[in-house]
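The structure appears below as structure tokens.
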Amino acid sequence: MLKTTTKLLVASALIAGLSTAAVAKDKVYKWKLATTWGSTLSPFIDAPLNMAKMVKEMSDGRLLIRVDASNKHKAALGILDMVKGGQYDMGHSASYYWKGKDINTLPFTTMPFGMTTPEQYAWFYHGGGMDLMKQAYKKHKVLSFPGGNTGNQMGGWFRKEIKTVEDLKGLKMRIPGFAGEVMAKLGLTVTNIASGELYTSLERGTIDALEWVGPGMDIKMGFNKIAPYYYTGWHEPATELQFLVNERKYNKLPKDLQSILVTAMKLSAYDMYIQNYHMSSEAWSKIETDYPNIQIKTFPKEVMDAMRKANADLLVEKAKGQPLLKKVLDSQAAYQKKAREWTKMSDYLYLKDNL
């Protein structure tokens, strides 16, 4: 009798286990993702949309992610708080937007005079960057993943030509991240404005200058109608967007769905990088013929030297009393120094000999 009962219990347990596994395989997880970007801001909005599409297809519909643009949730620069608080399961934004909340998040977007996109991706995935980013976001109970790169961004649109450092003083400029701190040190009034308000702010004179991305995204925004001086970049050589994931929600996903999500985020990030590169290439090829009023400029050496000095001074200042920030900055500097030798050999000398 005891043996029969034991056999029945074992059989019941096996059946229950199989049933649980079947239920787990059949369960559909419905997530929401909030973006900093408006619904038409390509290619930024395309990265989360493509990611959600890939997740749906690869999971056979077991993980569905609804993407809400900023014009729906009305909190373009509140993504970290919404994902952290659980109002959204995921977000798509840029890490340097949170520097006011947590300075340790700043370097994971890009840094002035920092790594190029290939260098930075190599640092993320093979140079310890992902582990450092995990450490930075741990206290927020969210996970952060690379979310698409713009490559080297342009230095901004200005109403007047910048010939000296004095010409910068007193200007009001939209420029985020560490570059904003550099500009503030040179005498500018710096602000951060969501993408949907940029043109209006420039048109109304709320700001005198702004940086956005590059020709692929900038030209269609119409900034050149108000500020025709378009400067080359120094401040964001490898601007990486980010996917934020609520850690508790992520841990509740089955392992296969976790892998699908991570894979889709990585692939959509790369897709955004090449999409933006294509858009800028197309736009740049038409600048002289379609937009003759745009005047392409580089900052004079005097201005660049002042920016470099301000940047170096600020790096030392910000790292004081911030061991994790210093660890991240030191890691980036060391990797850049190593990788830059190959960048010079592989890219710089090739271009130098073939332009």
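Sequential numbering from 1 along the given sequence is applied to the chain's residues.
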Listing, residues 345-355 side-chain donor-acceptor contacts under 3.5 Å, not counting sequence neighbours, or none:
residue: S346; atom: OG; partner: W342; partner atom: O; Å: 2.8
residue: N354; atom: ND2; partner: Y350; partner atom: O; Å: 2.7

Which side-chain N or O atoms in residues 216-225 pair as donor and acceptor under 3.5 Å with protein atoms at least two apart or in another chain?
residue: D218; atom: OD1; partner: V213; partner atom: N; Å: 3.0
residue: D218; atom: OD1; partner: G214; partner atom: N; Å: 3.2
residue: D218; atom: OD2; partner: W157; partner atom: NE1; Å: 3.0
residue: D218; atom: OD2; partner: Y230; partner atom: OH; Å: 2.9
residue: N224; atom: ND2; partner: N293; partner atom: OD1; Å: 3.4

Which atom pairs, one a donor and one an acceptor, fall under 3.5 Å between side chains of residues 102-121 and the rest of the protein, sequence neighbours left out?
residue: D102; atom: OD1; partner: N104; partner atom: N; Å: 3.0
residue: D102; atom: OD1; partner: N104; partner atom: ND2; Å: 3.1
residue: D102; atom: OD2; partner: H140; partner atom: NE2; Å: 2.8
residue: N104; atom: OD1; partner: L325; partner atom: N; Å: 3.0
residue: T105; atom: OG1; partner: S95; partner atom: O; Å: 3.3
residue: T105; atom: OG1; partner: D102; partner atom: O; Å: 2.8
residue: T109; atom: OG1; partner: S95; partner atom: N; Å: 3.1
residue: T109; atom: OG1; partner: Y96; partner atom: N; Å: 2.8
residue: T110; atom: OG1; partner: A238; partner atom: N; Å: 3.2
residue: T116; atom: OG1; partner: E119; partner atom: OE1; Å: 3.3
residue: T117; atom: OG1; partner: N149; partner atom: OD1; Å: 2.9
residue: E119; atom: OE1; partner: T116; partner atom: N; Å: 2.9
residue: E119; atom: OE1; partner: R340; partner atom: NE; Å: 3.4
residue: E119; atom: OE1; partner: R340; partner atom: NH2; Å: 2.8
residue: E119; atom: OE2; partner: R340; partner atom: NE; Å: 2.8
residue: E119; atom: OE2; partner: T343; partner atom: OG1; Å: 2.5
residue: Q120; atom: NE2; partner: T109; partner atom: O; Å: 3.1
residue: Q120; atom: NE2; partner: A238; partner atom: O; Å: 2.8
residue: Y121; atom: OH; partner: E240; partner atom: OE1; Å: 3.0
residue: Y121; atom: OH; partner: E240; partner atom: OE2; Å: 3.1

Side-chain polar contacts of residues 177-189 - donor-acceptor pairs under 3.5 angstrom, sequence neighbours left out - could you list them?
residue: E181; atom: OE1; partner: K318; partner atom: NZ; Å: 3.0
residue: E181; atom: OE2; partner: K99; partner atom: NZ; Å: 3.0

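Here the side chains of K53 and S268 are not in contact, with every heavy-atom distance at 4.5 Å or above. Residues K141 and K84 form no side-chain contact, since every pair of their non-hydrogen atoms from C-beta on lies 4.5 Å or further apart. Side chains of Y270 and P146 form no contact here, defined as non-hydrogen atoms less than 4.5 Å apart. Side chains of H278 and I274 form no contact here, defined as non-hydrogen atoms less than 4.5 Å apart.
The main-chain N or O of K138 is never found under 3.5 Å from a side-chain atom of E247 such that the two would form a donor-acceptor pair. Of the possible polar contacts, one joining the S281 side chain to the Y277 backbone as a donor-acceptor pair under 3.5 Å is found. Put simply, the side chain of T36 never gets that close to the backbone of L77: no donor and acceptor are under 3.5 Å apart. Without hydrogens or angle criteria, Y88 side chain to D68 main chain gives no donor-acceptor distance under 3.5 Å. No side-chain donor-acceptor contact under 3.5 Å links T206 to the backbone of L202. Put simply, the side chain of T200 never gets that close to the backbone of E197: no donor and acceptor are under 3.5 Å apart. In this structure, D208 contributes its side chain and F158 its backbone to no donor-acceptor pair below 3.5 Å. With hydrogens and angles ignored, the 3.5 Å screen pairs a side-chain donor or acceptor of R174 with a backbone N or O of E211. Checking side-chain atoms of N50 against main-chain N and O of A47 turns up no donor-acceptor pair under 3.5 Å. Checking side-chain atoms of K139 against main-chain N and O of A136 turns up no donor-acceptor pair under 3.5 Å.
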Trace of the side-chain contact (heavy atoms from CB on, under 4.5 Å) decision for M90 with W31: CA-CA 8 Å; M90 294 185 68; W31 278 21; 3.5 Å; yes
Verdict with supporting geometry, D26 and R62, salt bridge (charged side-chain N to carboxylate O under 4.0 Å, His left out): CA-CA 7 Å; D26 290 339; R62 291 168 53 221; over 6 Å; no
From CA spacing to verdict: side-chain contact (heavy atoms from CB on, under 4.5 Å), Q295, E161: CA-CA 9 Å; Q295 299 187 50; E161 186 176 359; 5.6 Å; no
Full working for side-chain hydrogen bond (donor to acceptor under 3.5 Å, both in side chains) between W37 and S195: CA-CA 7 Å; W37 333 113; S195 59; over 6 Å; no
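Nearest heavy-atom pair, S331 versus G127, reported as atom, atom and distance to 0.1 Å: OG-O, 4.0 Å. Here the closest non-hydrogen pair linking A194 and A76 is CB-CB, 4.0 Å. Shortest non-hydrogen contact noted between V83 and N246 is O-ND2, 2.9 Å. The two atoms that bring I79 and G91 nearest to each other are CG2-CA, 3.6 Å, heavy atoms only. Residues L198 and I207 approach most closely at O-CD1, 4.4 Å, considering heavy atoms. Minimum heavy-atom separation, P215 to M154: CD-CG, 4.0 Å.
Look at K101 and D81 and you find a salt bridge, because one of the NZ, NE, NH1 or NH2 atoms lies within 4.0 Å of a carboxylate O, short of that distance. Contact check on D313 versus K309 returns a salt bridge, with a Lys/Arg side-chain nitrogen under 4.0 Å from an Asp/Glu carboxylate oxygen. K249 has a carboxylate O that lies under 4.0 Å from a charged side-chain N of D89, or vice versa, which qualifies the two as a salt bridge. D330 and K326 are joined by a salt bridge, as a carboxylate oxygen and a charged side-chain nitrogen come within less than 4.0 angstrom of each other.
Every residue meeting the salt bridge (charged side-chain N to carboxylate O under 4.0 Å, His left out) condition with E166, not counting sequence neighbours, appears here in chain and number order: K169.
Atom-to-atom distance recorded for K56:NZ and I260:CD1 is 14.0 Å, nearest 0.5 angstrom. Taking CD of Q258 as the reference point, atom CG of L143 lies at 9.0 Å (rounded to 0.5 Å). In this structure, the separation between NZ on K172 and OG1 on T191 is 10.5 Å, given to the nearest 0.5 Å. The distance from the CG atom of L261 to the CE atom of M54 is 10.5 Å, given to the nearest 0.5 Å. Rounded to the nearest 0.5 Å, atoms OG (S59) and CG (L64) are 6.5 Å apart. To the nearest 0.5 Å, the span separating CG on D256 from CG on D60 amounts to 11.0 Å.
Side-chain contact annotation: N152 with E236, donor-acceptor N/O pair under 3.5 Å absent. Inspection of the Q242 and W98 side chains reveals an N or O donor paired with an N or O acceptor under 3.5 Å.
At least one cation-pi condition fails for K163 and F299: the charged atom is not both under 6.0 angstrom from the six-membered ring centre and inside a 45 degree cone around its axis.
Listed by first and then second residue, the ring-ring contact (aromatic ring centres under 6.0 Å, His included) pairs involving residues 236-255 are H92-F243 (not counting sequence neighbours).
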